[in-house]
Amino acid sequence: MTLLLEGRPVARAILAQARDDIAEFATQNGSTPSLAVVSAGDDPSAFAYARAIERTARSIDVRVVRVLLPDSVMPAEFDDAIEQLNRDDGIAGIIVLQPLPSQLDKTRPSEIVAPSKDIDGTTLVNIGRLSAGSALLVPSTPAGGMEILKYYGIPVEGKNVVVVGRSLVVGKPLAMMLISENATVTICHSRTPNLGEFTSRADIVALATGKPRILTAGMIRESTVVLDFGVTMDGDTMRGDADPGVFEVAGAITPVPGGTGVVTNAILMRNFVAAMRESIC
Ligand code: NAP
């Protein structure tokens with residue numbers, strides 16, 4: 001029987017702790033700072049993500065300041081808007097949603113968001129700190145995957161883990177987190193020949209490619225644990241990176257939707273709490 005690694009109970013546990021922490025902070029300090037959610041242009045996926053973050057934030061009594069920049073925003077204006085939020089003592093956390101309009105460099109937020117307010121944990125400074133093993137604010141998506149493993153009691157120490165995908169937001173930081181927990185990690189990517197040769201030897205396979213069906217049933221063993229970070233819209237249907245046949249074979253797997261994605265927002269809130277506490281130190 002394949003164990004479904006549902007994200008909702010994991011997210012609930014993280015958010016319950018965050019809600020208590022926010023309430024305690026408010027009691028001790030009289031008020032709490034806000035979270036800034038920034039987007040530029042009118043991409044519907046950024047709006048949908050903003051609404052989801054706002055819902056999660058509201059559920060734990062965190063105020064959200066929504067910063068909507070026009071589609072025509074120029075790089076200097078974008079930088080100014082972020083710098084203003086960096087300097088604002090009433091804002092403890094900032095997240096900039098992708099995609100950004102084409103005149104902006106999509107990696108710019110990772111350079112200019114203040115690392116102390118970077119609740120997505122993806123600024124270059126925080127990625128560097130993660131590599132050094134001293135991160136306070138960690139990349140939210142891979143951290144969510146690690147929380148799922150922990151919640152379901154799946155050990156990583158000494159395990160052979162294959163991470164498919166090497167982006168700075170999912171694959172690479174996930175590999176770093178796994179190494180910190182003493183897993184043996186292989187990173188595969190689009191130039192890896194014979195992906196199945198690697199995945200068929202893995203205890204845990206983490207998928208972060210955005211290529212549906214990249215992992216099929218014949219590429220894993222019966223005990224393999226699959227963490228699927230992939231999100232691809234097929235009409236109204238959301239698909240992960242794993243082929244549906246993998247659900248018949250894997251030892252355990254995160255569903256899409258309802259798996260890793262659900263936990264990402266909860267980690268954002270946990271990071272917000274950490275940033276908020278740091279803001280008064
Ligand atoms: P990305 O920047 O496009 O990176 C995709 C990675 O997949 C790249 O490293 C690429 O290799 C690799 N890849 C592409 N085709 C491959 C193939 N045929 N075989 C092996 N590797 C292949 O994407 P991302 O931002 O990391 O996101 C990955 C997925 O996670 C997307 O579906 C995204 O929507 C989803 N996501 C989910 C969450 C969540 O909350 N669950 C959050 C963020 C992203 P190269 O480096 O060689 O190009």
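Just so it is clear, the model here is predicted, and its values are computed rather than measured. Each ligand, and each atom within it, is numbered from 1 in the order the structure gives. Note that these values count all heavy atoms, side chains included, but never hydrogens, waters or copies made by symmetry.
Within 4.0 Å of ligand 1, counting heavy atoms only, the contacting residues are T141, V164, G165, R166, S167, V169, V170, H189, S190, A208, T209, G210, K211, I214, F229, G230, V231, T260, G261, T264.
A side-chain donor-acceptor contact under 3.5 Å links D241 to the backbone of G210.
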N/O donor-acceptor pairs under 3.5 Å from side chains in residues 251-268, not counting sequence neighbours:
residue, atom, partner, partner atom, Å
T254, OG1, D228, N, 2.7
T260, OG1, D228, O, 3.0
T264, OG1, T260, O, 3.3
N265, OD1, Y49, OH, 3.4

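Scored by the salt bridge (Lys or Arg N to Asp or Glu O under 4.0 Å) test, R166 finds no partners at all (sequence neighbours excluded). Listed by chain and number, the residues in a salt bridge (Lys or Arg N to Asp or Glu O under 4.0 Å) with D89 amount to none (sequence neighbours excluded).
Each of V156, T224, N160 was scored for a side chain to side chain contact (heavy atoms under 4.5 Å, CB included) with D203, with one residue passing: N160.
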Derivation and outcome, side-chain contact (heavy atoms from CB on, under 4.5 Å), residues R270 and Q17: CA-CA 8 Å; R270 191 174 73 181; Q17 181 64 54; over 6 Å; no
